[in-house]
Student: 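Input: one structure, supplied below.
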Amino acid sequence: AEGLQLATGPRPMFRNGSAYACIRPGAVLVGHEADGSENAFPARITALTFLGDIVRLQARPEHGAGAIIEAEVLRSRFDSLPSTGERITV
């Protein structure tokens with residue numbers, strides 16, 4: 001997405017004109033844990049689904065020009081569960 005930048009390894013992240021990044025749920029940081037991380041960015045939660053120890057979230061990056069981030073995050077990564085519309089760091 002235009003405006004959203006991620007530091008990556010040597011492999012390309014683009015396929016058919018779209019960008020993809022796959023990150024293990026245990027490696028996704030949110031909230032205060034993500035602050036100051038190399039690939040952290042502010043986003044607004046657009047949807048949350050609770051799946052036991054995993055929380056599936058959709059977030060719209062503030063500088064992502066229409067991008068939607070979908071992530072499955074370990075429940076333990078949240079200090080408290082965010083609400084739809086809440087701003088978090090991912």
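Being a predicted model, the structure only gives us computed values, none of them experimental.
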Student: Do Q58 and T49 come within less than 4.5 Å of each other through their side chains, counting heavy atoms only?
Tutor: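 Heavy-atom side-chain distance check fails, nothing below 4.5 Å.
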Student: Identify, with sequence neighbours excluded, every residue that meets side chain to side chain donor-acceptor pair (under 3.5 Å) alongside R87.
Tutor: E62
Student: Return the minimal non-hydrogen interatomic distance between T46 and T84, and the atom names on each side.
Tutor: O-CG2, 3.5 Å
Student: Of all the heavy-atom pairs spanning S83 and I45, show the shortest one and how long it is.
Tutor: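 Where S83 meets I45 most closely, the heavy atoms are O-CB, 3.6 Å.
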Student: Could you list the residues that satisfy side chain to side chain donor-acceptor pair (under 3.5 Å) with R56, not counting sequence neighbours?
Tutor: E72
Student: Measuring from atom OG of S76 to atom CG of D53, what distance do you get when rounded to the nearest 0.5 angstrom?
Tutor: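 Interatomic distance, S76 OG to D53 CG, rounded to 0.5 Å: 7.5 Å.
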Student: Indicate, with yes or no, if I68 and F41 share a hydrophobic cluster defined by side-chain heavy-atom contacts under 4.5 Å among Ile, Leu, Val, Met, Phe, Trp and Tyr.
Tutor: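 They do not share one cluster, since no chain of ILVMFWY contacts under 4.5 Å joins F41 to I68.
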Student: Side chains of L81 and V55: does their closest heavy-atom pair fall under 4.5 Å?
Tutor: yes
Student: Can you see which heavy atom on A34 is nearest to which on V90, and at what distance?
Tutor: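 Where A34 meets V90 most closely, the heavy atoms are CB-C, 4.0 Å.
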Student: So, do L74 and I54 sit near enough that their side-chain heavy atoms are less than 4.5 Å apart?
Tutor: yes
Student: What heavy-atom pair brings A40 and T89 nearest, and what distance separates the two atoms?
Tutor: CB-CG2, 3.8 Å
